[in-house]
Amino acid sequence: MKIIMLGAPGAGKGTQAKMIAEKYGIPHVSTGDIFRANIKNQTELGMEAKKYMDQGLLVPDELTVKILLDRVAKDDCKNGYVLDGFPRTIPQAEVLDKAVAELNESIDFAINVDVKDESIIKRMSGRRACLKCGATYHIEHIPPKQEGICDSCGSELVLRDDDKPETVKKRLSVYHEQTQPLIDYYSKKGILREVNGSQDMKDVFNAIVTILDSAVKH
Ligand code: ADP
Ligand code: AMP
């Protein structure tokens, strides 16, 4: 099964993508996580991506598309994947469609996790991330067992540089301008499914599972 998670930054794409990956046994592929791992390891790609990420801008398509195509060509993606944070522009979506079509395959669903901008700003300021294993928490809604420490790997949790309020506002405007058109793009292809992302994370997940399981059964 090949799934794309759509939604504003902070809508809960990563939170849901990790749960989907676990339930359906497919890899969670996050371009943001790949960039952050590169920044942490101070690679050339990481240094280049950081210039854009810190300003709340998208990393140029040339860089992003290559890392995504390399990732989904790996063996563990043979039976599908859940993409989180890719595509974010129409050209990225077109490249993905072409790559998938070359394998005589197709994307099954683009799931739009819908959350209003006002809630997004609150969510992002409370988000705490583990830069080692990619786990994400929220200081109020989804707290770790021990404050500031990742439940999964024991590393220190941080407020991402790009989750500061001014950068979040910029990221939201970039989202509306460059990424929101993908909703229409996938709707026209007949694979768009909407879920209300303002519910409790378990309810959001149940709504997604209903969509995915209906496809498996029919
Ligand atoms: P995205 O991957 O779309 O940027 P995340 O999954 O990282 O978003 O979620 C953003 C923040 O909101 C995180 O701190 C996360 O723990 C929290 N969060 C995710 N889903 C929900 C939810 N349904 N209700 C409340 N908070 C949530
Ligand atoms: P995320 O973790 O998905 O919120 O991504 C964090 C940041 O990484 C974004 O604000 C962008 O700067 C960059 N990024 C991640 N995925 C993409 C993408 N598909 N296209 C361009 N930039 C991206």
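Counting starts at 1 for both ligands and their atoms, following the listed order. Along the sequence shown, the residues carry numbers beginning at 1.
- Every heavy atom of Tyr52 sits 4.0 Å or more from the atoms of ligand 2.
- At a threshold of 4.5 Å between non-hydrogen side-chain atoms, the residues Lys23 and Phe205 count as touching.
- Contact analysis puts Gly10 in contact with ligand 1, with a non-hydrogen atom separation below 4.0 angstrom.
- Nearest protein heavy-atom contact of atom 10 (O) of ligand 2 is Arg171 NE, 3.6 Å.
- Of all the atoms in ligand 1, the ones that sit under 4.0 Å from a non-hydrogen atom of Tyr137 are 13 (C), 14 (O), 16 (O).
- A salt bridge is absent between Lys74 and Asp76: the closest approach of a Lys/Arg side-chain nitrogen to an acidic carboxylate oxygen does not fall below 4.0 angstrom.
- Ligand-side atoms of ligand 1 in range of Gly14: 1 (P), 2 (O), 6 (O), range being under 4.0 angstrom from any heavy atom.
- Looking from atom 18 (N) of ligand 1 to the surrounding protein, the closest heavy atom is Ile142 CD1, 3.7 Å.
- Looking only at side-chain heavy atoms (C-beta outward), Leu83 and Leu68 come within less than 4.5 Å of each other.
- Counting atoms of ligand 2 from 1 in the listed order, those under 4.0 Å from a heavy atom of Thr31 are 15 (C), 16 (N), 17 (C), 19 (N).
- Considering both main-chain and side-chain atoms, Arg36 comes within under 3.5 Å of ligand 2 through a nitrogen or oxygen pair.
- Residue Ser30 has no N or O atom closer than 3.5 Å to an N or O atom of ligand 2.
- Side-chain atoms of Glu194 and Ile183, non-hydrogen and from C-beta on, do get closer than 4.5 Å to each other.
- With 3.5 Å as the limit, one finds a donor-acceptor pair spanning the side chains of Asp213 and Tyr24.
- Counting heavy atoms from C-beta outward, Lys98 and Leu69 have side chains that stay 4.5 Å or more apart.
- A continuous path of hydrophobic side-chain contacts links Ile34 to Ile39 [ILVMFWY only; heavy atoms under 4.5 Å].
- Annotation: Asp162 places no N or O atom under 3.5 Å from an N or O atom of ligand 2; distance criterion only.
- The distance criterion of under 3.5 Å between nitrogen or oxygen atoms is not met by Pro9 with respect to ligand 1.
- When heavy-atom distances to ligand 2 are checked against a 4.0 Å cut-off, Lys170 has no atom that comes that close, whether in backbone or side chain.
- Here CG of Asp151 is found 4.5 Å from NZ of Lys145. Values are rounded to the nearest 0.5 Å.
- For a threshold of 3.5 Å applied to N or O pairs, the pair formed by Met124 and ligand 1 contains no separation below that value.
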Any chance you could lay out the side chain to side chain contact (heavy atoms under 4.5 Å, CB included) test for Asn196 and Asp203, step after step, and finish with the verdict?
-> CA-CA 9 Å; Asn196 171 7; Asp203 295 327; over 6 Å; no

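- Closest protein heavy atom to atom 24 (N) of ligand 1: Arg123 NH2, 3.4 Å.
- Annotation: atom 7 (O) of ligand 1 to nearest protein heavy atom, Arg127 NH1, 2.6 Å.
- At the shortest separation from atom 8 (O) of ligand 1 among protein heavy atoms lies Gly12 N, 3.2 Å.
- Listed by number with element, the atoms of ligand 1 under 4.0 Å from a non-hydrogen atom of Lys13 are 1 (P), 2 (O), 3 (O), 4 (O), 6 (O), 8 (O).
- Rounding to the nearest 0.5 angstrom, the gap separating the CG atom in Leu172 from the CD atom in Gln180 is 10.0 Å.
- The shortest contact between atom 22 (N) of ligand 2 and any protein heavy atom is with Val59 N, 3.0 Å.
- Contacts between Gln199 and ligand 1, counted as non-hydrogen atom pairs separated by less than 4.0 Å, involve the backbone only.
- Between Asp163 and Arg128 there is no salt bridge, since none of the side-chain N atoms of the basic residue sits less than 4.0 Å from a carboxylate O of the acidic one.
- The closest approach between Lys13 and ligand 2 stays at or above 4.0 Å for every heavy atom of the residue.
- Considering backbone and side-chain N/O atoms, Pro9 never comes within less than 3.5 Å of an N/O atom of ligand 2.
- Within a 6.0 Å radius of CG in Asp117, other residues, nucleotides and ligands contribute more than 12 heavy atoms.
- Just one of Ile3, Asp33, Ile20 meets the side-chain contact (heavy atoms from CB on, under 4.5 Å) condition when paired with His28; it is Asp33.
- Inspection of the Thr136 and Lys18 side chains reveals an N or O donor paired with an N or O acceptor under 3.5 Å.
- Those atoms of ligand 2 that come under 4.0 Å of a heavy atom in Arg160, given as number and element, are 1 (P), 2 (O), 4 (O), 6 (C).
- The shortest N/O to N/O separation between Phe86 and ligand 2 does not fall below 3.5 Å.
- Close contacts of ligand 1 with His141, meaning ligand atoms under 4.0 Å from a residue heavy atom, involve 25 (C), 26 (N).
- Nearest-residue assignment for atom 5 (O) of ligand 2 (options Met5, Arg88, Gln178, Gln92; heavy-atom criterion): Arg88.
- When non-hydrogen atoms are compared, ligand 1 lies under 4.0 Å from the backbone of Ala8 (N, CA, C, O) but not from its side chain.
- Taking 4.5 Å as the limit, every side-chain heavy atom of Pro144 sits out of range of all side-chain heavy atoms of Ile149.
- By the 3.5 Å distance cut-off applied to N or O atoms, Asp84 is not counted among the residues near ligand 2.
- Ranking the protein heavy atoms by distance from atom 15 (C) of ligand 1 puts Thr15 OG1, 3.8 Å first.
- When each atom of ligand 1 is checked for a heavy atom of Thr136 under 4.0 Å away, the hits are 7 (O), 13 (C).
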Take Val29 and Phe86 through the side chain to side chain contact (heavy atoms under 4.5 Å, CB included) test and state the conclusion after the steps.
-> CA-CA 9 Å; Val29 174; Phe86 188 98; over 6 Å; no

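- Counting heavy atoms from C-beta outward, Lys122 and Glu140 have side chains that stay 4.5 Å or more apart.
- Heavy-atom contacts of Asp200 reach the following atoms of ligand 1: 23 (N) (cutoff under 4.0 Å).
- Taking each of Val65, Thr167, Leu57 in turn, the one with a heavy atom nearest to atom 12 (O) of ligand 2 proves to be Leu57.
- Of all the heavy atoms of His138, the ones lying under 4.0 Å from any atom of ligand 1 are found in both the backbone and the side chain.
- At a heavy-atom distance under 4.0 Å, atoms from both the backbone and the side chain of Leu58 approach ligand 2.
- In this structure, Leu57 and Val174 have side chains that are in contact, with non-hydrogen atoms separated by less than 4.5 Å.
- Taking CZ of Arg88 as the start and CG of Asp61 as the end, the distance is 11.5 Å to the nearest 0.5 Å.
- Note that the CG atom of Leu45 and the OG1 atom of Thr64 stand 8.5 Å from one another [nearest 0.5 Å].
- Protein heavy atom in closest approach to atom 18 (C) of ligand 2: Thr64 CG2, 3.4 Å.
- Counting the atoms of ligand 2 from 1 in the order shown, those under 4.0 Å from a heavy atom of Gly85 are 16 (N), 17 (C), 18 (C), 19 (N).
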